[in-house]
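Shown next, in structure tokens, is the structure this report addresses.
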Number of protein chains: 2
Amino acid sequence: MVSSEETEAQVKTAARTSRLRGRPRSFDRATALEKAILAFWEHGYEATSVSDLTRVMGIGAPSLYAAFGDKRSLFEEVVQEYGARYGSFGDRALAEEPTVRAAMERMLREAAVEYTAPGRPHGCLVIHAATNCSSPEVEESLRVRRNANIAAFESRIRAGIAAGELSADTDATALARHVGAVIQGMSQQARDGASREELEAVAEIAMAIWPRT
Amino acid sequence: MVSSEETEAQVKTAARTSRLRGRPRSFDRATALEKAILAFWEHGYEATSVSDLTRVMGIGAPSLYAAFGDKRSLFEEVVQEYGARYGSFGDRALAEEPTVRAAMERMLREAAVEYTAPGRPHGCLVIHAATNCSSPEVEESLRVRRNANIAAFESRIRAGIAAGELSADTDATALARHVGAVIQGMSQQARDGASREELEAVAEIAMAIWPRT
DNA sequence: GTTTTTCTGTAGCGACCGATAGAGAAATGC
DNA sequence: GCATTTCTCTATCGGTCGCTACAGAAAAAC
């Protein structure tokens with residue numbers, strides 16, 4: 001119904017069939033979809049209004065609805081295309097690396113690169129597309145609090161280094177970020193249905209990075 | 001302007017001052033605030049409308065605006081009260097435990113408990129208050145994709161176990177969840193301004209849990 | 001050129017958003 | 001009692017939301 005293969009296939013066999021009559025659309029569907037990806041990626045599903053979409057895609061609302069259906073089906077197509085275009089590094093790492101360890105290492109390292117790539121929104125669309133804030137002040141306020149938590153972790157870790165619990169060359173900043181990442185991930189998974197026992201198992205694994213006294 | 005200390009202080013000194021005249025409000029401010037915490041916690045800032053708030057708080061819109069100011073200042077008060085009431089386990093662990101390791105372990109374990117406590121929304125309000133989705137279908141679709149990713153990790157880990165790379169009693173489910181949590185946390189921090197180098201340092205630390213062949 | 005089909009722009013639909021005006025009710029100080 | 005202050009209820013504001021009816025323009029098939 002939406003697939004571009006359909007149109008392409010019918011372009012090829014159109015000499016005989018009676019399709020492809022009438023005025024063709026005046027914009028490039030793939031380009032418009034790419035613009036929609038960036039918009040949803042940056043602002044999330046709710047906070048990206050249809051008028052935002054028509055502006056960045058450079059088309060009118062009726063053209064958008066004719067080409068992509070309603071807002072939700074456009075978003076579904078966006079997520080799918082995003083997965084194929086930007087979100088496939090994980091699958092590739094899992095499939096191509098010979099060992100689990102190599103696969104995990106490559107996946108994590110590529111995530112660091114992909115999630116901070118310049119010229120496009122940071123982070124993962126699938127993780128954040130439900131994150132919408134039309135109020136920048138609220139968004140900023142929450143971000144400040146999260147980063148303050150990580151700073152508190154770091155300060156505690158530095159105290160531990162000063163007390164001789166951890167070696168003097170410990171990277172306190174990175175350790176704090178790591179703990180923060182684990183906690184934020186646990187929170188996300190709690191939202192996604194993980195049980196207490198499952199999260200406790202995650203916590204126990206995360207503890208393996210800390211020297212046993 | 002908003003603080004309850006102000007009102008309380010003036011209750012105590014009200015015998016002389018001319019405050020506290022007129023009809024007192026007919027609802028309990030703290031109870032109403034608690035209801036607002038639960039609503040924002042569950043649905044996020046944007047997706048919790050003022051009419052949602054007036055419904056769960058059991059008051060009319062003018063009463064809400066008179067008692068809490070506009071929606072944003074109510075939310076700020078909600079975040080502050082949430083931090084004091086539900087979000088303090090981390091600070092307590094950091095302050096009360098004698099070693100960094102003990103502090104981190106307690107914090108992570110208590111997070112597992114707090115984030116899945118029955119009878120209230122899962123996860124952390126500060127992490128998710130910018131996550132709003134008035135469309136359950138979209139929310140579900142994204143959740144399914146995130147959980148599918150973790151399932152893919154698990155499947156790859158099981159293959160590694162079968163290949164003898166990891167010991168046979170490895171908890172593949174928990175390992176997969178852990179990797180997923182780290183990645184989700186990295187994505188969140190990329191959104192919050194972390195650089196590529198900072199995320200790579202997190203990835204490197206997370207690799208410490210994997211046996212070196 | 002004519003017909004047919006489809007696209008595009010304008011203009012507007014009903015619904016909900018956050019927020020408020022105004023009137024009357026209720027509880028105070030005196 | 002009275003005067004004063006403040007709360008609460010109804011009704012509604014202007015604005016934006018996702019979405020679409022309609023008419024005219026444009027490009028194909030013939």
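The chains referred to below are lettered A, B, ... by the order of the sequence lines, with proteins before strands, and numbering in each begins at 1.
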Is any side-chain heavy atom of [X] closer than 4.5 Å to a side-chain heavy atom of [Y]?
{"X": "B/Val56", "Y": "B/Thr48", "value": "no"}
{"X": "B/Tyr86", "Y": "B/Ile37", "value": "yes"}
{"X": "B/Leu33", "Y": "B/Glu77", "value": "yes"}
{"X": "A/Val79", "Y": "A/Tyr82", "value": "no"}

Please give, in whole Å, the distance from [N] [atom2] to [X] [atom1]?
{"X": "B/Leu53", "N": "C/dG18", "atom1": "CG", "atom2": "C1'", "answer": "11 Å"}
{"X": "B/His43", "N": "C/dC16", "atom1": "NE2", "atom2": "C1'", "answer": "17 Å"}
{"X": "A/Asp52", "N": "D/dC19", "atom1": "CG", "atom2": "C1'", "answer": "15 Å"}
{"X": "A/Arg25", "N": "D/dA25", "atom1": "CZ", "atom2": "C1'", "answer": "17 Å"}
{"X": "A/Phe68", "N": "D/dC19", "atom1": "CZ", "atom2": "P", "answer": "15 Å"}
{"X": "B/Ile59", "N": "D/dC9", "atom1": "CD1", "atom2": "P", "answer": "9 Å"}
{"X": "A/Met57", "N": "D/dG18", "atom1": "CE", "atom2": "P", "answer": "13 Å"}
{"X": "A/Leu64", "N": "D/dC19", "atom1": "CG", "atom2": "P", "answer": "9 Å"}

Below 3.5 Å between N/O atoms, which protein atoms pair up with nucleotides 20-27 of chain C? Just atom names and distances, please.
unit_1 : atom_1 : unit_2  : atom_2 : d
C/dA26 : O4'    : B/Arg23 : NH1    : 3.4

Report the residues that fulfil side-chain hydrogen bond (donor to acceptor under 3.5 Å, both in side chains) with A/Ser155, sequence neighbours left out, ordered by chain and then residue number. none
Side-chain atoms of A/Lys71 come closest, of D/dT8, C/dA19, D/dG18, to D/dG18
Checking contacts here: which listed nucleotide (C/dC7, D/dT8, D/dC19) is nearest the side-chain heavy atoms of A/Ser26? C/dC7
Answer yes or no: is there an ion pair linking A/Arg158 with A/Glu154, defined by an N-O contact shorter than 4.0 Å? yes
Check the orientation of B/His178 and A/His178. Use parallel for under 30°, tilted for 30 to 60°, and perpendicular for over 60°. tilted
With 3.5 Å as the limit, what N/O pairs link the protein to nucleotides 12-16 of chain D?
none

Where B/Phe27 and B/Ser63 come nearest, the two heavy atoms and their spacing: CE2-CB, 3.9 Å
How close do A/Lys71 and A/Glu46 get, counting heavy atoms only, and between which atoms? NZ-O, 3.6 Å
Ignoring backbone atoms, test whether B/Ser63 places a side-chain nitrogen or oxygen under 4.0 Å from the OP1 or OP2 oxygen of D/dT8. yes
